[in-house]
There are 2 protein chains.
Amino acid sequence: MTTKSDFDVLLIAGDIDKLVHEPARLMLLSILYTIDSADFVFLQKQMGLTRGNFSTHMSKLEEAHYINVKKEFVDRKPMTVLSITDEGRAALEKYRGQMKKILAALG
Amino acid sequence: MTTKSDFDVLLIAGDIDKLVHEPARLMLLSILYTIDSADFVFLQKQMGLTRGNFSTHMSKLEEAHYINVKKEFVDRKPMTVLSITDEGRAALEKYRGQMKKILAALG
DNA sequence: TATACATGTTTGTAATGAAAACATGTTTGT
DNA sequence: ACAAACATGTTTTCATTACAAACATGTATA
């Protein structure tokens, strides 16, 4: 018989995607998951992050292909538009599944 | 009227307790939440961490008073027993509540 | 009595998150 | 027209952190 402790499900915490797990990025990815796309300044202000901090988190998600970053000009000013990718959706859904299991195991 | 976006609940991700949120510690705290107490070697092996890594995570949770660490001798060998504190339980429950809201907002 | 074993801790290091400083261009004020 | 303020992001710098290797201590064994 396989030894299956009552907490074995909790071990999946070790497989969590840290790129998604980090709070600021979880927030950003979740927002984009619900509203599909939004611009840099709007998101940065809503989330209460500095521009620098937001920028680095954005870049990491972009490098992972979890979001798309499109740069355009509006009223002669630069505007950066973020949108979630299919890969990003999949990653967040996987994360959600893992976290749900963990939370469920806590009763 | 207060501007309440449909993703406002996701902003609570910024208030998450990072001490609990870190995967290895979330795992450890969750295990102790379900089985109350266990020893160092058992936990370290189950969790698949090196002793050094486990030791530092343990210490951080101890410093935060989320767990108790008791050292004794068994068969003339040192044994370290970890147990969750009320404060630790409260922290994990708060964390669970926050994460549940976030996950729920994702549909 | 040395060699291996067992249990943790401390130290060294690479990665990370956060904000300040910087770069680039635009609008405003005089 | 020209400087100062504003707007949008990026790059750099810094402190913290997660991780594992090395270390310390004691025990069992050959």
Side-chain angles (χ1 to χ4, degrees), chain A residues 11-32 37-64 66-83 91 95, chain B residues 11-32 37-64 66-83 91 95:
Chain A
L11 300 180
I12 65 176
D15 292 329
I16 284 178
D17 184 346
K18 291 193 179 178
L19 212 73
V20 176
H21 192 56
E22 197 285 324
R25 288 191 299 263
L26 175 60
M27 197 191 307
L28 174 52
L29 208 56
S30 295
I31 292 175
L32 293 176
S37 86
D39 68 275
F40 184 110
V41 174
F42 172 77
L43 290 166
Q44 174 252 315
K45 285 183 175 158
Q46 290 289 319
M47 293 174 56
L49 302 184
T50 61
R51 293 193 299 275
N53 194 13
F54 183 87
S55 178
T56 59
H57 285 306
M58 178 183 74
S59 295
K60 290 200 174 182
L61 289 176
E62 186 186 19
E63 283 164 33
Y66 286 177
I67 65 171
N68 274 320
V69 176
K70 186 179 51 172
K71 288 156 183 305
E72 41 186 295
F73 280 85
V74 173
D75 293 338
R76 325 193 95 250
K77 278 177 285 186
M79 175 157 94
T80 300
V81 178
L82 293 73
S83 57
Y95 176 83
Chain B
L11 301 180
I12 65 176
D15 292 328
I16 284 178
D17 184 346
K18 291 193 179 177
L19 211 72
V20 176
H21 192 57
E22 197 284 325
R25 288 190 299 263
L26 175 61
M27 196 191 308
L28 174 52
L29 208 57
S30 296
I31 292 176
L32 292 176
S37 87
D39 69 276
F40 185 110
V41 174
F42 172 77
L43 290 166
Q44 174 252 316
K45 284 183 176 159
Q46 289 291 318
M47 294 174 55
L49 301 184
T50 61
R51 293 193 301 273
N53 193 14
F54 183 85
S55 178
T56 58
H57 285 306
M58 179 183 74
S59 296
K60 291 202 172 181
L61 290 176
E62 186 186 20
E63 283 164 32
Y66 286 178
I67 65 171
N68 274 320
V69 176
K70 185 179 52 172
K71 287 158 184 305
E72 40 186 295
F73 280 85
V74 172
D75 292 338
R76 324 194 96 250
K77 278 176 282 183
M79 174 157 93
T80 300
V81 178
L82 293 73
S83 58
Y95 176 82

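A, B, ... follow the sequence lines: proteins, then strands. Residue 1 opens every chain.
Using modelled atom types, one finds no donor on one side chain facing an acceptor on the other under 3.5 Å when comparing A:His21 with A:Asp17.
When distances run from any side-chain atom of A:Lys71 to the nucleotides C:dT9, C:dT7, D:dT10, the shortest one goes to D:dT10. In the set D:dT11, D:dG9, C:dG8, the nucleotide with an atom closest to the side chain of A:Val41 is D:dG9. Nearest nucleotide to the A:Thr50 side chain, out of C:dA19, D:dA18, D:dT8: C:dA19. In this structure, the nucleotide among D:dG9, D:dA20, C:dG17 sitting nearest to the side chain of A:Asn53 is C:dG17.
Taking atom CD on B:Glu72 and atom P on D:dG26, their separation rounds to 18 Å, with Å as the unit. Rounded to an integer number of Å, the gap from A:Ile67 CD1 to D:dG9 P is 13 Å. We find that CG of A:Asp75 is positioned 12 Å from C1' of D:dA7, with the value rounded to whole Å. To the nearest angstrom, C1' of D:dT10 lies 16 Å from CG of A:Leu61. D:dT10 atom C1' lies 14 Å from atom CG of A:Leu82, rounded to whole Å. Residue A:Phe73 contributes atom CZ, which lies 12 Å from atom C1' of D:dA7 at whole-angstrom precision. As a whole-Å value, the separation of B:Phe54 CZ from C:dG8 P is 9 Å. A:Glu62 has its CD atom 13 Å from the C1' atom of D:dG9, to the nearest Å.
Proximity of B:Ser55 to the phosphate of C:dT9: a side-chain N or O atom is located under 4.0 Å from OP1 or OP2. B:Lys77 has no side-chain polar atom (N or O) that falls below the 4.0 Å cut-off from OP1 or OP2 of D:dT25. Phosphate proximity of D:dT17 to B:His57: absent, as no side-chain N or O sits under 4.0 Å from OP1 or OP2. A:Lys45 has no side-chain polar atom (N or O) that falls below the 4.0 Å cut-off from OP1 or OP2 of D:dA7. A sub-4.0 Å separation between OP1 or OP2 of C:dT7 and a side-chain N or O of B:Arg76 is absent. Contact annotation: A:Arg51 does not reach the phosphate of D:dG9 (side-chain N/O to OP1 or OP2, under 4.0 Å).
If you take CD on A:Glu72 and NZ on A:Lys77, they are separated by 13.5 Å, rounding to the nearest 0.5 Å. With values rounded to the nearest 0.5 angstrom, B:Leu19 atom CG is found 10.0 Å from B:His57 atom NE2. Taken to the nearest 0.5 Å, the OG atom of B:Ser83 stands 12.0 Å off from the CG atom of B:Asp39.
Nucleic acid contact for B:Glu22: sugar-phosphate only, since backbone atoms but no base atoms lie under 4.0 Å from a heavy atom of the residue.
Searching all strands for a Watson-Crick or G-U wobble partner of D:dT10 with both distances below 3.5 Å returns C:dA21. The base-pairing partner of D:dA28, taking Watson-Crick or G-U wobble contacts with both distances under 3.5 Å, is C:dT3. In this structure, C:dT28 forms a base pair with D:dA3, meeting either the Watson-Crick or the G-U wobble geometry with both donor-acceptor distances under 3.5 Å. C:dA14 is paired with D:dT17 under the criterion used here, namely a Watson-Crick or G-U wobble arrangement in which both key atom distances are under 3.5 Å.
Comparing A:Thr56 and B:Val69 by the nucleotide of DNA chain C whose heavy atom lies nearest to each, the residue mapping closer to the 5' end is B:Val69.
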task: Check the pair A:Glu62, A:Lys60 against salt bridge (Lys or Arg N to Asp or Glu O under 4.0 Å), reporting the backbone distance first and the verdict last.
output: CA-CA 5 Å; A:Glu62 186 186 19; A:Lys60 290 200 174 182; over 6 Å; no
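Of all heavy-atom pairs spanning B:Met47 and B:Ala24, the tightest one is CE-O, 3.3 Å. Of all heavy-atom pairs between B:Pro23 and A:Lys18, the closest is CG-CE, 4.0 Å.
Looking at A:Ser59, its side chain does come within 3.5 Å of a backbone N or O of A:Ser55 through a donor-acceptor pair. Judged by distance alone, with hydrogens and angles left aside, the side-chain atoms of B:Gln44 form no donor-acceptor pair with the main-chain N or O of B:Phe54 at under 3.5 Å.
The stretch residues 11-20 of chain B does not touch DNA chain D, since none of its heavy atoms comes less than 4.0 Å from the strand.
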